[in-house]
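Below: one structure, written as structure tokens.
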Amino acid sequence: MKKNRLTYIFMAFILTSCLSTSGGNKRESSTSQITNNASTVNAYNGRVLRDNPIILSGNNNLSPTMDIGTLLTHEQDYITNQNTLIGFCKSIEDSNSPCYRILENQYSTPLTSTDYKWAYTAGTSEFDQVHTFYHVGKIVENFQSNLESYYNGVHLDDFGFPKAPPYTTAIPSTLYSQLGHWDKNKTLEGYSWAQVENNACFSPTDFTVHLGYLKDYPSVRFAHDPSIIYHETGHALVKVMMNMRNTAYGSNVAPIKESELGYLQYDEAGAINEGIADFTAHSINQRSRFSEWILGILSLSRPLSEDDTLHIAGISKDSTSRLSYPTYLNYEPNDPSFVIEDIHNAGMITSHLLVAIVDDLMSKCYITDRNSAIKLVFQIMTETLSELGDFTATGNNNNDFTINLNYNHSWEWARISKPINYYTFYQTMARKLLTVLGSNLRCNGHNYSQDDIERLFDSYGLLLFQNYNEDGGGAITGHTGTNTEVNVANRLKSILLSKDKVKLDPSDGASQAFIFDGREDMRNALKELTGSLQVSDVSPFIDPSLPYNNGNGKISPGELIGLALNLHNDSNTPIGGVHVLANDWDHFKNEKPCNTLGDSFPLASEGAADSSSESNPSNTAGDCNYITRDNGDEQDEELYPTCFVEISEDDSTKWVSQEKLRQKINLEQHKCLSGDSSRTKDCFLRALKGADQAFYSKIDPNTTWASTLSNDGEPPVFNFSNIIFFEVSEWIPPGTTFNCRFRVRFTNCSDCFTDTSRDDMDDYLDYEFSGAKPYKLINLQFTVID
Amino acid sequence: MKKFIIFLLFIICGLIVWQTTRSPKDISVSEENDWRTYQKTEKKVSSHPSTKDELDKINVRKKENTKKRMPASKKDTFNGRTINADNPDKYNYKTGNFQISNKENPDWKDTLASDLLRFQDSTTKILIKEEESFVIIRQGTGRLVEKVVITYLHNHGKKNAAHALVDSETGKIITIWNRTRYENFIPTKSGMLPKGQI
Ligand SMILES: [Zn+2]
């Protein structure tokens, strides 16, 4: 390090004597315009757009082609004392592997400044790199300094020695020694001129942020709007926060996989991620609107607070008029008559609540500096994400607490069995608020009370939980602790509905499910699903040309099909976050379907497993009334596919496992869809892993999802996250009938997360999500025909 | 003698300058060799060591610069593979006191590549990078697994990357995570309409 810097300074001395300016295409400046070059700044300084052009100019109707150079002022901005655009964090101070770095794009070499000056003509690539570096640095440095002061308060005493945390915390004591405060190995790299059109992305594999350009105005870069830089960097922070415990767990036992917030095109975890990213922008600029410039040009800016003028009439900060869940999940303020299912729109509920928590903390804890309140919210968010993303399943430093079932299955729990949604996220966040700020005058010398939390969350329709679940989800300890119960008097707007309110459309002649089997459609789907790495395990018997797909809207042998249940909301309140699962689960005993799971199907005469001698609940593994504690890994327990099949036996028909059908028709084991003789359970009908779940953002009262999402009377286009994909074996005898027992839940559900059979209304334990109890079971029967 | 000392000083200074100013690219050679590109031709999948152009497209340079940052604690290994164990005390993995359920197969990457290209057209390329080899031990049994980065280079310029754990024998993907997430601020119209109903 030292050697490097000395050499650079020496070289800078030599080179500055022969170079007067560095880099950049020279452009004629108007008389009033600032000349931004090395001769007009001091060492380590440059000039950037401190905000986006709309804010800097005060003109809401700026032309996209305006000259951003006119917005620079005489004042200089400190950039860096390095000779390249790199920034350091605590313990990450190697210039070869810094904390963050900015480049023009992913192909380019770093910009260097021999004179340590960073002033370039606006509009050049060099200018945009410096500008991006300045804003990424703001976010990263804010995040790191806030995290360090929080860590110190939790884990260190006044002399800097380790101490016992003053409360239950998800922040690991090994955070810094294991580099859990950042990506363990990677530099966050930002590309100010990424070659992506009308787009930007965060790539977690290489920890990179790509800022694109507007297709219609290619010189308008997404980086020119600092809000977009903050948003994308916010996604990187989410990744860091979610993996703190995983990274810091220790070398040989640290989980290999990393946690993510969002898995599909639409899911609530993804919406929360977008809301946090928008809030990250607010944490710097403290405004009530996200991206006035870039998204403004596209007429897609997003408000962050109810008092923003972009909102429709009727939305306000009054507790009865907040942007509440689930009412506003599909709301597009720029075109209020248009209904849309998109994580950015659904995420606005999160960004609004986070901003509202800042306001509330300022008010209830008498905080005068908004920045301090924002820091508190980031600390609470770090606690929340660090716990929820924990694949070690320990969650926090309370040894009795468990989350995400266990170490071996935590990834599956986070992906499908109990993913983060508006219930789990806000229950955890409420608990963290209560733990950290609810007592011992830790909120600026005051307490942020349980009633404060509940009233605010309720005004957003997000007081969806009945207790704070301090005792976690462990099979042994999950009901042993004392949980703080929600004060029901605070639940005025959050309406909880029984899981029975979601059902297949009961109207006369209504379809039960939609089928997608067009050859071109499905070929494209397969190309997209595999090409985006959502799906990787496709049966060797599915020919890429999909020769069996006939597009007749029926399910035929050999096809790859998509299926979407025609779900209906049988209540007078909207339901949100409808989640359909088609993964393997615990609903069979000895190759026979259990009928003790709430749907009373099938009858004993139709082939149901015999459970007459079982106790209920049972302590005997393998029983219908016993739910696997280890997702099917313990002896005598096995998970079964969602779909099973009807066969004729002894002059009657029986529902049996797919394996039984295989035996009956003498199909060789290796001809099962898996192509693997040892995997015959899903021999004939198999949900594609990765596309084995579907999400529906919202269903309005007394109608279906399709009509909720309909615009101008047109049926909605189904996204991949609305469809479950199945492989259909070519060996199925035509005329064979299947029953798929889907598990369905939704977020504002009274009994999908809370075990209402318990007096204390504690949450279901994690293992119970392998079974039936937290779900509405929906049986769909169909006959496979040619 | 004096001349020799001046010459020596000159050489030393030169070396220091070279050492401290060499571009990150120079460190990348060994990393680049770890990458392989696969593409579908008429009937089979062909492969070659990834070219500089291909590596540029997926930003390999960045990774070389990340090699040096490692926390203080070192990982235990077995036959050169990082051990990942859920219960290190019980199964005494340090002595190799566990069974291994699969074998190393030099062709695992080819199998993986042809699986990944099955549903893509011939313009799509994939790049596979081995990040780390593991033996994952659960309940006394080990499984040899490769942690890789898979990157699709689609013909329209878009790339999609993710981490994956791959079985070292079969080349089959066990798990995928860290998929690239595009914002798609302008919502895409990539959906479908049903062809029928039940
Ligand atoms: Zn985003």
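Proteins come first, then strands; the chains are lettered A, B, ... in the order of their sequence lines, and each starts at number 1.
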Could you measure the distance from the OG1 atom of A:Thr247 to the CG atom of A:Asp183? Nearest 0.5 Å is fine.
7.0 Å

Measure A:Gln512 against the heavy atoms of chain B and call it side chain, backbone, both or neither at under 4.5 Å.
both

Chain B heavy atoms under 4.5 Å from A:Ile542: which part of the residue, side chain, backbone, both or neither?
both

Under 4.5 Å from any heavy atom of chain A, what part of B:His163 do you find: side chain, backbone, both or neither?
both

Can you tell me which portion of A:Lys239 sits under 4.5 Å from chain B's heavy atoms? Options are side chain, backbone, both or neither.
side chain

Quick check on A:Lys554 against chain B: is it the side chain, the backbone, both or neither that has a heavy atom closer than 4.5 Å?
neither

Please state whether the side chain, the backbone, both or neither of A:Ile294 comes within less than 4.5 Å of a heavy atom of chain B.
neither

Classify the side-chain pair A:Glu258/B:Asn178 by whether it contains a donor and acceptor separated by less than 3.5 Å.
yes

Strictly below 4.0 Å, N to O, side chains only: are B:Glu130 and B:Lys109 in salt-bridge contact?
yes

Counting heavy-atom pairs closer than 4.5 Å to chain A, which one of B:Asp115, B:Ile126, B:Asp121 comes out on top?
B:Asp121

Minimum heavy-atom separation for B:Ala161 and A:Thr205, please, with both atom names.
CB-OG1, 3.6 Å

Just how far is it from atom CD1 of A:Ile343 to atom CD of B:Glu183, taken to the nearest 0.5 Å?
7.0 Å

Does any heavy atom of chain B fall under 4.5 Å from the side chain of A:Ile228, the backbone, both, or neither of them?
side chain

Just by distance, with hydrogens left out, do B:Asp167 and B:Asn102 show a side-chain donor and acceptor under 3.5 Å apart?
yes

Of the backbone (N, CA, C, O) and the side chain (C-beta and beyond), which part of A:Leu300 lies under 4.5 Å from a heavy atom of chain B, both, or neither?
side chain

So which residue, A:Asn552, A:Val538, A:Ile340, ends up with the most heavy-atom pairs under 4.5 Å with chain B?
A:Val538

Engaged part of A:Ile256 at the chain B interface, taking heavy atoms whose separation is under 4.5 Å:
both

Answer yes or no on whether B:Lys158 is positioned over the face of B:Tyr182, meaning its NZ or CZ is under 6.0 Å from the six-membered ring centre and within 45° of the axis.
yes

Which distance, rounded to the nearest 0.5 Å, do you find between the OG of B:Ser168 and the CD of B:Glu104?
6.0 Å

Could you tell me whether B:Lys159 and A:Asp206 have a side-chain N and a carboxylate O separated by less than 4.0 Å?
yes

Applying a strict 4.5 Å limit to non-hydrogen atoms, the region of A:Glu232 in contact with chain B is side chain

Check whether A:Glu412 gets within reach of chain B through its side chain, its backbone, both or neither, counting any heavy atom under 4.5 Å.
neither

Is a salt bridge present between A:Asp537 and B:Lys172, judged by a nitrogen-to-oxygen distance below 4.0 Å?
no

Which residue out of A:Pro204, A:Ser291, A:Ala200 racks up the most heavy-atom pairs below 4.5 Å with chain B?
A:Pro204

Options A:Pro540, A:Ala277, A:Ser532, A:Gly518, ranked by heavy-atom pairs under 4.5 Å with chain B, top entry:
A:Ser532

Might you point out which heavy atoms bring B:Thr124 and B:Leu117 nearest each other, and give the distance in Å?
O-CD2, 3.7 Å

Does any backbone or side-chain atom of A:Ile555 lie under 4.5 Å from a heavy atom of chain B? Answer side chain, backbone, both or neither.
side chain

Region of B:Leu116 in contact with chain A, defined by heavy-atom distances below 4.5 Å:
side chain

Find the one option among A:Glu197, A:Glu528, A:Glu274, A:Gln781 whose heavy-atom pairs under 4.5 Å with chain B are most numerous.
A:Glu274

Below 4.5 Å from any heavy atom of chain B, which atoms of A:Phe718 appear? Answer side chain, backbone, both or neither.
both

Going by an N to O cut-off under 4.0 Å, is there a salt bridge joining A:Lys184 and B:Glu132?
no

Assert top hit (heavy-atom pairs under 4.5 Å, partner chain B, pool A:Gln195, A:His210, A:His231) equals A:His231

